[in-house]
Amino acid sequence: MPKGYGYQMTPGEDPSPTHAAGTVYMADGQPGAVIAEWDLASGKLLHQGRAASPPEDPRTLTYAGGVVHLVTGGLTERTSYIRLTPELKVLTRTRIDDLGDTKTVASDGDLTLITSCRTFYDTPGPCFVATYDRRGVRIASRAIDGNVFELWNMHDDAAVVDGRAYVLLFREGALHVDELARDLTPIASSVLPSESGSHRDATLHSRVDRLVVDVPPVQYEFSTDLAEVKEVPRVAPPEPRWIGQAWCQGHVRVGPVDAFGCLRPGTGEAFVTWDRYHEEP
């Protein structure tokens, strides 16, 4: 990848006869946002393109519904939500400067949810949530309630399942999973058990038709109506590590493969490294 200040990575295509181990998308910063798709069986670069020009850098991305959803930001506070084809051709570009520093973008292709917080001279400010339709047009946005400092420290705090939007919030001394309508009207809320672990490390993501909240050292599964919750066995993700002379983190899991994005200190070079699950033969 081109030299840059950072990167974001997300699972791409699932394992298939064409891509035996699946693919990953990786976005790297400076100059601008360059994004590439890599095949995890052969190590080949499949597609590459420039999604944004300087000073915008990648902040977060996901692949859903046959679309790459990328949010960029820069030192000028210019922020954009960009939708790209699987071949990394830009479909739409929407300015979202009013939302502030983006934390998470989640999508099922039909509905996209973005969470963000603003800063004032490095001091956490209000946090927001916004929804977008399949064309990248904003449906609604609003501030979200909670302890601003705690919300600012939480990432991977949103999920979308079958057109239903969910956010993970810390308020009133506890973690909550809230379901929101497309227009961000509250629908339902569920509180995690009080014996949950560190909320600052908590994450929310979808798994088929379930919601998964990881609160190390425990993990919970919720039904999409939030009426059912159960603790499930937790498999800890691989820890960040040095591989050769590169620092590798930002782990994602694709089929039978663990993949990391890596940066080589002093050079800014970014690349992808991967291996099978440790429990696989």
Side-chain angles (χ1 to χ4, degrees), residues 1 4 6-28 33-49 51 58-71 82-88 104-109 112-113 155-162 201 203-214 216 219 221 232-244 246-263 269-281:
M1 294 287 288
Y7 63 87
Q8 297 288 331
M9 191 167 67
T10 190
E13 297 289 345
D14 291 332
S16 67
T18 305
H19 306 292
T23 73
V24 293
Y25 286 99
M26 185 177 183
D28 190 31
V34 176
I35 186 168
E37 183 186 19
W38 298 85
D39 182 273
L40 293 181
S42 65
K44 291 182 179 179
L45 175 67
L46 299 176
H47 303 101
Q48 181 168 302
R59 294 293 172 87
T60 182
L61 82 162
T62 192
Y63 176 71
V67 174
V68 179
H69 305 264
L70 170 69
V71 178
I82 304 168
R83 298 167 62 254
L84 303 100
T85 68
E87 297 75 31
L88 302 178
T104 304
V105 57
S107 181
D108 64 356
T112 298
L113 181 67
H155 291 266
D156 297 322
D157 58 356
V160 179
V161 180
D162 294 332
D201 297 322
T203 60
L204 168 67
H205 62 275
S206 60
R207 180 183 295 160
V208 190
D209 60 348
R210 308 285 288 181
L211 296 167
V212 179
V213 179
D214 190 36
Q219 191 171 94
E221 275 192 0
V232 295
R234 180 177 186 266
V235 178
E239 295 290 334
R241 66 189 69 175
W242 286 95
I243 298 178
W247 180 244
C248 300
Q249 56 184 351
H251 159 265
V252 298
R253 184 159 281 183
V254 186
V257 169
D258 283 320
F260 289 89
C262 303
L263 285 176
E269 293 173 341
F271 58 94
V272 177
T273 184
W274 64 93
D275 202 351
R276 288 183 177 274
Y277 285 0
H278 60 85
E279 66 264 24
E280 290 287 328

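Residue Gly109 comes nearest to His69 through the heavy atom pair CA-NE2, 4.4 Å, listed as atom of the first residue, atom of the second, then distance. In terms of heavy-atom proximity, Val68 sits nearest to Ile35 at CG1-CD1, 3.7 Å. Of all heavy-atom pairs spanning Val254 and Gly22, the tightest one is CG1-CA, 3.9 Å. Looking at every heavy atom in both residues, Met26 comes nearest to Gly261 through CE-CA, 4.2 Å. Here the shortest heavy-atom pairing between Ala259 and Leu40 reads CB-CD1, 4.3 Å. Across all non-hydrogen atoms, the minimal contact from Leu70 to Pro58 is CD1-CB, 4.0 Å.
Looking at Asp258 and Asp275, their side chains never come closer than 4.5 Å, going by heavy atoms from C-beta outward. Using a 4.5 Å heavy-atom threshold, the side chains of Val160 and Thr112 count as separate. Here the side chains of Phe260 and Val272 are not in contact, with every heavy-atom distance at 4.5 Å or above.
Shown here are the side-chain hydrogen bond (donor to acceptor under 3.5 Å, both in side chains) partners of Thr104, two or more places apart in sequence or in another chain: Asp157. Residues satisfying the side chain to side chain contact (heavy atoms under 4.5 Å, CB included) test with Ala41, not counting sequence neighbours, are Ala20, Ala21, Asp39. With sequence neighbours excluded, no residue satisfies side-chain hydrogen bond (donor to acceptor under 3.5 Å, both in side chains) with His205. When the salt bridge (charged side-chain N to carboxylate O under 4.0 Å, His left out) test is applied to Arg241, no partner is found at least two apart in sequence or on another chain. Here Thr23 pairs with Glu37 under the side-chain hydrogen bond (donor to acceptor under 3.5 Å, both in side chains) rule; sequence neighbours left out. Under the salt bridge (charged side-chain N to carboxylate O under 4.0 Å, His left out) criterion, Glu221 pairs with Arg207, Arg210, not counting sequence neighbours.
Here Leu88 contributes atom CG and Leu46 contributes atom CG; the two are 9.5 Å apart, rounded to the nearest 0.5 Å. Atom CD of Gln249 is separated from atom CE of Met9 by 10.0 Å, given to the nearest 0.5 angstrom.
Tyr63 places no side-chain N or O within donor-acceptor distance of the main-chain N or O of Pro86, the cut-off being under 3.5 Å. When atom types are taken as modelled, the side chain of Gln8 and the backbone of Arg59 share a donor-acceptor pair closer than 3.5 angstrom.
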